[in-house]
Amino acid sequence: KQEVTQIPAALSVPEGENLVLNCSFTDSAIYNLQWFRQDPGKGLTSLLLIQSSQREQTSGRLNASLDKSSGRSTLYIAASQPGDSATYLCAPWDSSASKIIFGSGTRLSIRP
Amino acid sequence: DTGVSQDPRHKITKRGQNVTFRCDPISEHNRLYWYRQTLGQGPEFLTYFQNEAQLEKSRLLSDRFSAERPKGSFSTLEIQRTEQGDSAMYLCASSFGGAVDTEAFFGQGTRLTVV
């Protein structure tokens with residue numbers, strides 16, 4: 001059974017800092033991996049998709065890396081802004097691409 | 001197409017009542033998923049459909065829960081005889097299954113409160 005762990009569970013930093021969110025998963029036989037953002041009381045917004053054959057993916061100030069063999073992914077956020085405050089969720093797809101499994105997320109707060 | 005749509009956004013019901021939620025996926029997506037999320041936790045998988053076929057159900061989906069996708073388009077999730085423990089956010093997602101760039105897109109969710 002796939003288990004996803006995200007560290008840290010919560011993070012508060014001043015505006016402008018670069019930061020790294022970590023994700024580990026127990027079953028390396030994944031299809032793809034997505035990073036999502038969730039604002040309080042809202043649905044999930046897909047930030048980045050890393051296909052299983054890829055090592056990293058970039059979108060604006062976000063960069064995500066994937067190391068399948070070690071069961072790890074990281075999300076790098078450059079020059080953080082207060083609007084980045086949200087919960088970030090890591091979600092690997094199972095090997096048959098039938099579902100994605102979530103960790104509990106990292107709750108990020110960017111102080112102005 | 002404006003993405004995955006869920007209705008209603010909020011539902012308050014009395015314990016023991018039945019409730020039904022609707023999800024309209026992105027039109028060209030053949031796969032549809034239901035998840036449940038409680039406060040402070042990540043979403044938990046409930047079930048998924050490929051077209052109209054329900055291919056997998058989680059053990060979280062008790063006998064009081066039933067999901068349908070009758071024509072391979074919209075889906076409904078019904079909870080019978082609601083309990084306070086059913087209070088949660090119910091999320092729907094869709095994807096185009098089988099592609100190497102399979103990506104899930106979520107709706108805004110339905111917040112259920114059982115009183």
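Quick note on labels: first sequence line is chain A, next is B, and so on, each numbered from 1. Both backbone and side-chain heavy atoms feed into the values below; hydrogens, waters and symmetry mates do not.
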A.B. asks: Is there a path of hydrophobic side-chain contacts, each under 4.5 Å between heavy atoms of I, L, V, M, F, W or Y residues, that connects B/Phe49 with B/Phe45?
C.D. replies: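 Different clusters.
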A.B. asks: Which answer fits A/Ser53, side chain, backbone, both or neither, if we ask what part of it has an atom under 4.5 Å from a heavy atom of chain B?
C.D. replies: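 Neither part.
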A.B. asks: If contact means a heavy atom pair closer than 4.5 Å, which residues of residues 53-72 of chain B contact chain A?
C.D. replies: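 Residues in range: B/Glu56.
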A.B. asks: Heavy-atom pairs under 4.5 Å with chain A: which of B/Gly40, B/Ala93, B/Ala104 has the most?
C.D. replies: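 Sorted descending by pairs with chain A, the first entry is B/Ala104.
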A.B. asks: What part of B/Gln37 is in contact with chain A, defined as an atom under 4.5 angstrom from a non-hydrogen atom: side chain, backbone, both or neither?
C.D. replies: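 B/Gln37 touches chain A through side-chain heavy atoms alone.
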A.B. asks: Do the numbers put A/Lys99 on top of the ring of B/Tyr48, so that NZ or CZ is under 6.0 Å from the six-membered ring centre and no more than 45° off the axis?
C.D. replies: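 A/Lys99 over B/Tyr48 ring: no.
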A.B. asks: Tell me, out of B/Arg31, B/Glu44, B/Arg111, who's got the most heavy-atom pairs with chain A below 4.5 Å.
C.D. replies: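 When all of B/Arg31, B/Glu44, B/Arg111 are compared, B/Arg31 has the most.
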A.B. asks: Closest heavy-atom contact between B/Ser95 and A/Trp93?
C.D. replies: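 Minimum heavy-atom contact is OG-CH2, 4.0 Å.
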A.B. asks: State plainly whether one hydrophobic cluster holds both A/Leu108 and A/Leu62, where clusters connect Ile, Leu, Val, Met, Phe, Trp and Tyr through side-chain heavy atoms under 4.5 angstrom apart.
C.D. replies: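 Same cluster: A/Leu108 reaches A/Leu62 through Ile, Leu, Val, Met, Phe, Trp or Tyr contacts under 4.5 Å.
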A.B. asks: I'd like to know if B/Leu46 and B/Met89 are part of one continuous hydrophobic network [Ile/Leu/Val/Met/Phe/Trp/Tyr, side-chain heavy atoms within less than 4.5 Å].
C.D. replies: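 No; tracing contacts between hydrophobic side chains, which count when under 4.5 Å, never links both residues.
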A.B. asks: Could you tell me which non-hydrogen atom of A/Asn32 sits nearest to which non-hydrogen atom of B/Thr102, and how far apart they are?
C.D. replies: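 The pair with the smallest heavy-atom distance is ND2-O, 3.3 Å.
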A.B. asks: If we define contacts as heavy-atom pairs under 4.5 Å, which of A/Arg107, A/Lys42, A/Gln6 has the most with chain B?
C.D. replies: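 Of the options given, most contacts go to A/Lys42.
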A.B. asks: Say you draw a straight line from OH of B/Tyr35 to CG of A/Leu44; how long is it, rounded to the nearest 0.5 Å?
C.D. replies: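 So the gap between those two atoms works out to 10.0 Å.
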A.B. asks: Treat each ILVMFWY residue as a node, draw an edge where side-chain heavy atoms are under 4.5 Å apart, and state whether A/Leu47 and A/Ile50 are in one component.
C.D. replies: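 Yes, it is one cluster - the side chains of A/Leu47 and A/Ile50 are joined through contacts under 4.5 Å.
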A.B. asks: Measure the CG-CD distance between A/Asp39 and B/Gln108 for me, rounded to the nearest 0.5 Å.
C.D. replies: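 Taking CG in A/Asp39 and CD in B/Gln108, the distance rounds to 9.0 Å.
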A.B. asks: Identify which part of A/Gln54 has an atom lying under 4.5 Å from any heavy atom of chain B, answering side chain, backbone, both or neither.
C.D. replies: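 When you check distances to chain B, no heavy atom of A/Gln54 falls under 4.5 Å.
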A.B. asks: Starting from A/Leu75, can I reach A/Leu19 by hopping between I/L/V/M/F/W/Y residues whose side chains sit under 4.5 Å apart?
C.D. replies: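 Yes, same cluster.
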A.B. asks: Hey, is CZ on A/Arg111 packed in by over 12 heavy atoms from elsewhere, all under 6.0 Å?
C.D. replies: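 Atom CZ in A/Arg111 is crowded, with more than 12 foreign heavy atoms closer than 6.0 Å.
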A.B. asks: Quick one: which residue pairs count as a ring-ring contact (aromatic ring centres under 6.0 Å, His included) with a foot in residues 12-51 of chain A, not counting sequence neighbours?
C.D. replies: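 The answer is A/Phe36-A/Phe102, A/Phe36-B/Phe106.
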A.B. asks: If we define contacts as heavy-atom pairs under 4.5 Å, which of A/Gly41, A/Ser46, A/Ser98 has the most with chain B?
C.D. replies: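 Answer, by heavy-atom pair count under 4.5 Å with chain B: A/Ser98.
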A.B. asks: Can you tell me which portion of A/Leu89 sits under 4.5 Å from chain B's heavy atoms? Options are side chain, backbone, both or neither.
C.D. replies: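 The answer is the side chain of A/Leu89.
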